[in-house]
Amino acid sequence: MEFLIALSVGVLSGCGVYLALRSSTFPVVVGLTLLSYAVNVFLFSMGRPKVGAPAVLDAAAETYADPLPQALVLTAIVIAFAMTAFVIVLALKARDELGTDHVDGAGETQISNSKEAKAS
Amino acid sequence: MTIWMILPVLLPLVGGLLQLMVRRYGLPTQRVLGLALAGGLLIASIKTLMVAQSGETYVYYLGNWPAPFGIILALDRLSALMTLLTAVLALAALAYATVTRVDEKGAHFHILLQLQLFGLNGAFLTGDVFNLFVFFEVMLLASYGLILHGSGAKRTRAGLHYVVINLVGSTLFLFAVGTLYGTLGTLNIADMAQKVAAAPAERSGLIAAAGLLLLIVFGIKAAMFPLYLWLPRAYANTSAPVAAFFAIMTKVGVYAIVRVHGTVFGEHAGDLAWLHMPWLLAGGLITLVLAALGVMAARGLREQVAYLVLASVATLLVAVGLNRPEALAAGLYYLLHSTLLAAAFFLLADMITRERGNASDSFETIVRIQNEKWLGAGFFVAAVAIAGLPPLSGFLGKIMILDTALEHPWRWGILASVLTASLLILVSLTRAGSFLFFRPQAIESEEGAQIDAPPPVRGLWIVGSLLAAAPLLALFAGSVTAYANETVAQLQQVPLYIEAVMQNQNTWENK
């Protein structure tokens, strides 16, 4: 169980970092998404997950599941979701305005060239 | 009393929602409402500062949950100072945006500005690391919208970099927060400080790793070497009021370092005490030198000002990294000076750019500008203050920082880099000023490009009132440094902060 969680966090963040370093916007967006998945699993495991433990409701219970990481993960998921939506729209806007999906817009000269090409 | 401290957070949130609702009545209504809200925020911030002046740490328990479990807002002199600075900048940026009609270049300017204020003030007032994350995200989301406000391919490209690097920063923030929660079992800053002091030795490596990861995150916000590359392009290509307002954004990173690292990894932290200081000092010095080179190499005025912002935040990092109370107090004075002056300089650069028409702000084409007397005078004041020449505030701030640096083991390195950077900045600003204002005299006959935007004279008043900060800060340097010293004295007393935050735990248990 521990090994599985550690492995999934590691693989997810490894893939996320690799993709985030790519030069076109779409892989970068996917990379950021993978990174946020990795961090969600990581946050969850930081509360030391227990199997079959109740929530903090029953004062008589001997052990209970830590509620804080769940709240953190929930917040993180919502924020990451909003951010992903935003980055996708921004990437589309950049693709539209820069004429390429390269994250650097492939340099200013090429932008003006492509505009000239369009004009002609 | 504590009701005052939640106002700087609540007012912009409600204001942002109101702005959304009055959107259908058009921009004039939004402008009036925005200015009224910014004015109200300024009043609330002044009142907050007066409350904090007593030297106590005020704590607001949201939902009245006891301290380490519930969410708290904590107000002390530092938070109050930052809130006031934010309110002043917001008012100036909003007024300038209204005067120059920048806000009509895209939708939602006023709403985003209010939400950004909500995020900023929340970050300054929160006493909890996870809430700091949430407020950072609110602030960043609004800033993404603002930095892309208007349009243009360059702005989109710079904005894309800004967004991506900050998203990576948010992920790192969560990793750091997760590790800290896993090792310490709490995210309340005061409680964390207690737990770090009591942490077993075998955990200290993990805690140190998380603390330094957090330093990377704040370093991205503060644009510390090697994480500053997003800043010059993003700031140089966005609209002027946004760039001016964003002068506070880098300071949020510095504030977070002082607040979180200063409290959690302060002198009570045992082996982990001050683990971030060497990194800060080295990062600050390298950033400073690179920023000065950037100022020299800039091809346009706005790019140059963006590098000046970088240089000022680097000086601040050096001041914090010196790890002496006097240096931190000098740093706070410098923070006030550099934020206000950088904002003024961005607005001034925009006015000059507008007058230069098609030549924009480039240092390649010579254009004769109207209004050159006032703009030139403004440029002169801003340049003297930013470069750190006497008699204005930049000089006082720098000399106070260097004065404390003399006792530091790295003093020669610090002196050499700060003074070299100042010299380079001075030379570049002299060159820029003579290019913009003196060279056109020589080619009087050649009338420059046509001016398409009417010279917004009212903008000069806003720039002027921000620039007035330089002589005012120099005149009232005594009282400002006294406040800064009191602030630092309060920051030093971590046990009092912990006590103030934890006090309602007992009352809860008695219920």
Side-chain angles (χ1 to χ4, degrees), chain A residues 9 13 16-17 20-21 25 28-29 31-48 56 66-69 71-73 75-80 82-84 86-87 89-108 111-112 114-115, chain B residues 68-71 106 119 128-131 133-138 140-145 147-148 151-188 206 210 213 229-230 233 237 299:
Chain A
V9 172
S13 23
V17 169
L21 293 174
T25 46
V28 172
V29 174
L32 291 173
T33 318
L34 285 184
L35 274 177
S36 75
Y37 291 164
V39 83
N40 288 343
V41 179
F42 178 77
L43 274 180
F44 212 58
S45 66
M46 275 299 120
R48 313 218 158 74
V56 205
D66 191 344
L68 199 86
L72 301 191
V73 170
T75 319
I77 288 174
V78 174
I79 290 176
M83 293 293 179
T84 310
F86 179 79
V87 179
V89 174
L90 180 59
L92 282 174
K93 184 177 149 81
R95 167 76 183 75
D96 191 38
E97 283 185 9
L98 304 173
T100 162
D101 69 342
H102 194 278
V103 284
D104 283 334
E108 281 161 45
I111 297 170
S112 52
S114 66
K115 270 185 190 156
Chain B
F69 309 113
I71 292 166
D128 175 299
V129 177
F130 192 73
N131 257 305
F133 167 76
V134 174
F135 281 124
F136 263 31
E137 291 307 307
V138 172
L140 287 173
L141 251 184
S143 79
Y144 300 156
I147 215 158
L148 292 164
S151 52
K154 274 185 174 178
R155 194 169 289 180
T156 308
R157 187 177 54 173
L160 187 68
H161 294 178
Y162 174 76
V163 172
V164 169
I165 193 161
N166 274 305
L167 283 181
V168 175
S170 306
T171 314
L172 287 180
F173 199 155
L174 280 176
F175 271 115
V177 163
T179 316
L180 283 173
Y181 182 74
T183 47
L184 299 175
T186 178
L187 289 175
N188 182 302
L206 211 51
L213 199 57
L229 293 165
W230 57 271
R233 254 191 196 169
N237 289 318
R299 282 161 301 177

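Each chain gets a letter, A, B and so on, in the order the sequences are listed, and its residues count up from 1.
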- Query: side chain to side chain contact (heavy atoms under 4.5 Å, CB included) between Leu90(A) and Tyr144(B): does it pass, once the steps are laid out?
  - Reply: CA-CA 10 Å; Leu90(A) 180 59; Tyr144(B) 300 156; over 6 Å; no

- Message: Is there a side chain to side chain contact (heavy atoms under 4.5 Å, CB included) between Phe133(B) and Leu72(A)? Walk through the geometry before answering.
- Response: CA-CA 10 Å; Phe133(B) 167 76; Leu72(A) 301 191; over 6 Å; no

- List the steps and the verdict of side chain to side chain contact (heavy atoms under 4.5 Å, CB included) for Val164(B) and Val103(A). CA-CA 10 Å; Val164(B) 169; Val103(A) 284; over 6 Å; no

- Derivation and outcome, side chain to side chain contact (heavy atoms under 4.5 Å, CB included), residues Tyr181(B) and Asp66(A): CA-CA 11 Å; Tyr181(B) 182 74; Asp66(A) 191 344; 2.5 Å; yes

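Only the side chain of Val163(B) comes within contact range of chain A, with at least one heavy atom under 4.5 Å from a heavy atom of that chain. Contact of Leu187(B) with chain A is made through the side chain alone, with heavy-atom distances under 4.5 Å. Of the two parts of Ser170(B), neither the backbone nor the side chain holds a non-hydrogen atom closer than 4.5 Å to a non-hydrogen atom of chain A. Heavy atoms closer than 4.5 Å to chain B are found nowhere in Ala80(A), neither backbone nor side chain. Using a 4.5 Å cut-off between heavy atoms, Val39(A) contacts chain B through both its backbone and its side chain. Proximity to chain B (any heavy atom under 4.5 Å) is shown, for Leu35(A), by both the backbone and the side chain. The contact between Ala94(A) and chain B is made by backbone and side chain atoms together, counting heavy-atom distances below 4.5 Å.
Proximity of a side-chain donor or acceptor of Arg157(B) to a complementary backbone N or O of Glu97(A) within less than 3.5 Å is not detected.
When Thr84(A), Val9(A), Val17(A), Leu68(A) are compared by the number of non-hydrogen pairs under 4.5 Å with chain B, Leu68(A) comes out ahead. No other option in Gly185(B), Gly159(B), Gly178(B) has as many heavy-atom pairs under 4.5 Å with chain A as Gly178(B). Contact count against chain A (heavy-atom pairs under 4.5 Å) is highest for Leu148(B) among Leu148(B), Val138(B), Val168(B).
Put simply, CD1 on Ile79(A) and CG on Leu174(B) are 7.5 Å apart, with the number rounded to the nearest 0.5 Å. Expressed to the nearest 0.5 Å, how far CG of Leu98(A) lies from NZ of Lys154(B) amounts to 12.0 Å. Here the CG atom belonging to Leu43(A) is positioned 7.0 Å from the CZ atom belonging to Phe130(B), to the nearest 0.5 angstrom. The CE atom of Met83(A) lies 3.5 Å from the CG atom of Leu141(B); values are rounded to the nearest 0.5 Å. Here the NE2 atom belonging to His161(B) is positioned 4.0 Å from the CG atom belonging to Asp104(A), to the nearest 0.5 angstrom. Note: His102(A) NE2 to Leu160(B) CG = 11.5 Å, rounded to the nearest 0.5 Å.
Residue Thr156(B) comes nearest to Lys93(A) through the heavy atom pair OG1-CE, 3.8 Å, listed as atom of the first residue, atom of the second, then distance.
Enclosure of atom CZ in Phe86(A) by more than 12 non-hydrogen atoms of other residues, nucleotides or ligands within 6.0 angstrom is indicated.
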